[in-house]
Amino acid sequence: MFKFQVKSRLDGALARTGVIKTPHGDIKTPAFIVVGTKANVKAMTPEQVKGVHAQAVLANAYHLYLQPGHALIEEAGGLGSFMNWKGPTFTDSGGFQILSLGSGFKKVLAMQSDELAYDEVIAPAKTRHAFVDDDGVTFKSHLDGSKHRFTPEHSMQVQHSIGADIIFAFDELTSLHDSYDYQVESLDRTHRWAQQSLDEVKKLRKAHPERPYQALFGVLQGAQYEDLRKKAATELGAMDFDGYGIGGALEKSQMGEIIRWVNEILPENKPKHLLGISEPDDIFAAIEQGIDTFDCVSPTRVGRNGSVYTYDGRVNITAKRFEKDFNPIINDCQCYTCQNYTCAYIRHLFKAKETLAGTLASIHNEYFIIKLVDDIRASIEDGSFYTLQKTWLDRYYKR
RNA sequence: GCUGGGAUAGUGAAGCGGUCAAACACGUCAGACUGUAAAUCUGAUGGCUUAUGCCUUCGUAGGUUCGAAUCCUACUCCCAGCA
């Protein structure tokens, strides 16, 4: 069982609200999906994840394949049961690791930061852990250096074993520093892999009719190029996916535009997921252009590293000025952290390297981003989206 | 009291005649983080500063030397052993 219903739309824009129905529950969209790469949201218990009003969790097939192994998760009754998360789950295909273990680039580039020449910044072959060929990717495990190979079929089998409600086709995530010719070649490969992923998933569904339906999302690449992005939307849009993921490296300033290019072409009755994005300005831009869900490591990663969201921007809570600040991070924030702890205490925990620091900061950050998306959803329903966007972002980026 | 050993920047600790404002670690300060090789990484850290610049530092006070954190003398304090 998998279904997506659009509930309301924003006049004259692609933004909408809706519901994704999965075997493990509904997701009200737009929704922020919390990342739990290794079958846990770092530094948070599932109760805490629920407490920040997360609707779903996204794990990673590559990591779980390496450890503890997808077969074990299957034996445990699937991802949700294994990790004690009762709601909907997603898994990423492992495609992102082609970038992060391969060329090793930043995924999002701010405008002027790409002045460096390709060979000045590209990871040299000897330090790479991922190598792409036409049929798949050979990975060197980041855990022990052992060699592993992912093909579209293999990724689907792994994700089938893990058993998330929504899974992603195996794709190649290129770097913005790759040449146009390479982007063309890579996009063709990703589209072949998309078809192979789809075929394999259909086969697996047929072979295991007793299993809950796993929705498969195709992933659009094409980097910063309009023609390639539109090609991706046209070709994948014609295929029988349950939804779409928009992926790839992109220039921050282009984000909304890229999403609009593809969402104007993709079938509008299918959910669109933006992979790996959660900065507030990006969230507004994405939702405005019709994104229904997105996931990101940022709230937990940044939180564990001492950075917390406020309405006036993100701040490092470890800064000296919080030493004697006995207020919560945000005065009227309803999250567990702000309801119970002061900046001074959280700063102390970070300075003392106590693990509770990362937990409290992650709780706050996840709550903050999820609440933002919840507020945006409400603003689409009552038509105040643009007002919220302007007032919210003006304040956040004022500094 | 005697005999050894030692005192170096916020802390620990290298250095034992010049290339020393002084390695390294920790700490401190600041910054970064967008499908998690991330509880990680980067930078600064004597003062003044744009500085390949100046000033003040290696327990204290003298001395030797062109030149001393490094050698000598005295003193102060610390540690160990012996009385």
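In what follows, chains are A, B, ... by sequence order, proteins preceding strands, each numbered from 1.
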ask   = Which part of the nucleic acid, if any, lies within reach of A:Lys320 when heavy atoms closer than 4.0 Å are counted: base, sugar-phosphate only, or nothing?
value = sugar-phosphate

query = Below 6.0 angstrom between ring centroids: does that apply to A:Tyr341 and A:Tyr336?
reply = yes

key: Whole angstrom value for the distance that separates P of B:A38 from CZ of A:Phe105   = 19 Å

note = The single option from A:Thr293, A:Asp242, A:Asp26 that satisfies side-chain contact (heavy atoms from CB on, under 4.5 Å) with A:Ile20 is A:Thr293

query = When the aromatic ring centroids of A:His160 and A:His70 are compared, is their separation below 6.0 Å?
reply = no

message = Quick check: A:Phe326 with A:Tyr345 (ring centres under 6.0 Å apart)?
response = no

query = Does the base of B:U36 carry an N or O that pairs as donor and acceptor with the side chain of A:Ser100 under 3.5 Å?
reply = no

query = Are side-chain N/O atoms of A:Asn305 and A:Ser307 paired as donor and acceptor at under 3.5 Å?
reply = no

request  = Determine the interatomic distance between P on B:C79 and the same-named atom on B:A13; round to the nearest Å.
outcome  = 15 Å

Given A:Asp134, A:Asp171, A:Asp135, A:Asp133, the one that forms side-chain hydrogen bond (donor to acceptor under 3.5 Å, both in side chains) with A:Arg189 = A:Asp134

ask   = What interatomic distance, in whole Å, is found between P of B:U42 and the corresponding atom of B:A74?
value = 50 Å

message = If the cut-off is 4.0 Å, is A:Arg314 near the phosphate of B:G31, judged by side-chain N/O to OP1 or OP2?
response = no

query = Do A:His148 and A:Phe139 make the cut of ring centroids closer than 6.0 angstrom?
reply = no

inquiry  = Would B:A37 be called syn or anti here, given the cut-off of 90° from 0?
reply    = syn

request  = For B:C20 versus B:C55, give the span between their C1' atoms, rounded off to a whole number of Å.
outcome  = 16 Å

message = Using the C1' atom as the point on both nucleotides, what is the distance between B:U64 and B:U73, in whole Å?
response = 11 Å

key: Base of B:G35 paired with side chain of A:Gln221 (donor-acceptor, under 3.5 Å)   = yes

inquiry  = Below the 4.0 Å mark, does B:C33 have OP1 or OP2 next to a side-chain nitrogen or oxygen of A:Ser307?
reply    = no

query = For A:Ser298 and B:U34, is the shortest distance between a side-chain N/O and OP1 or OP2 below 4.0 Å?
reply = no

note = pair_partner(B:C48), Watson-Crick or wobble, both distances < 3.5 Å, evaluates to B:G53

query = Rounding to the closest angstrom, what is the interatomic distance between B:U57 and B:G4 at atom C1'?
reply = 30 Å

request  = Rounded off to whole Å, could you give me the CG-to-P distance for the A:Asn365 and B:U34 pair?
outcome  = 14 Å

ask   = Between A:Ile317 (CD1) and B:G31 (C1'), how many Å, whole number?
value = 16 Å

task = Using atom CD1 of A:Ile166 as one end and atom P of B:G35 as the other, report the distance to the nearest whole Å.
result = 18 Å

Nucleotide B:G35, atom P - distance to OH of A:Tyr62 in whole Å = 16 Å

message = Can you check the distance between B:A38 and B:C54, where both ends of the measurement are the P atom (answer in whole Å)?
response = 47 Å

key: Over all atoms of both residues, closest heavy-atom pair of A:Leu236 and A:Ala194   = CD2-CB, 3.6 Å

Distance in angstrom units between A:Leu143 CG and B:A38 P, rounded = 8 Å

inquiry  = Any strand counts, and the cut-off is 3.5 Å on both contacts for Watson-Crick or G-U wobble. Which nucleotide pairs with B:U11?
reply    = B:A25

task = Tell me whether the OP1 or OP2 atom of B:C29 has a side-chain N or O from A:Lys351 closer than 4.0 Å.
result = yes

Short side-chain N/O contact to B:G35 OP1/OP2 from A:Gln97, under 4.0 Å = no

message = Are A:Trp85 and A:Phe90, when compared by the centres of their aromatic rings, separated by less than 6.0 Å?
response = no

request  = Take A:Thr91 and A:Gln159 through the side-chain hydrogen bond (donor to acceptor under 3.5 Å, both in side chains) test and state the conclusion after the steps.
outcome  = CA-CA 7 Å; A:Thr91 45; A:Gln159 293 190 78; 2.8 Å; yes

message = Check for me whether the distance between the ring centres of A:His273 and A:Phe168 falls short of 6.0 Å.
response = yes

ask   = Please give, in whole Å, the distance from B:A37 P to A:Leu173 CG?
value = 11 Å

ask   = Looking only at atom C1', what distance separates B:A44 and B:U49, rounded to whole Å?
value = 15 Å

query = B:U52 and B:U19: how far apart are their C1' atoms, nearest whole angstrom?
reply = 14 Å

ask   = Between the side chains of A:Asp312 and A:Thr310, is a donor N or O closer than 3.5 angstrom to an acceptor N or O?
value = no

key: Nucleotide-resolved protein contact map, nucleotides 39-45 of chain B, B/S/- at heavy-atom distance under 4.0 Å   = BB-----

task = Using the closest heavy atom to pick a nucleotide of RNA chain B for each, name whichever of A:Asp171 or A:Ala319 lands nearer the 5' end.
result = A:Ala319

RNA chain B contacts made by residues 262-278 of chain A, counting heavy atoms under 4.0 Å = A:Leu275, A:Gly276, A:Ile277, A:Ser278

ask   = At under 4.0 Å between heavy atoms, what does A:Thr127 touch on the DNA or RNA strands: base, sugar-phosphate, or nothing?
value = base

remark   = Separation of B:G35 atom P from A:Tyr65 atom OH, nearest Å, is 23 Å

Residue mapping more 5' on RNA chain B - nearest nucleotide basis, A:Asn60 or A:Arg347 = A:Arg347

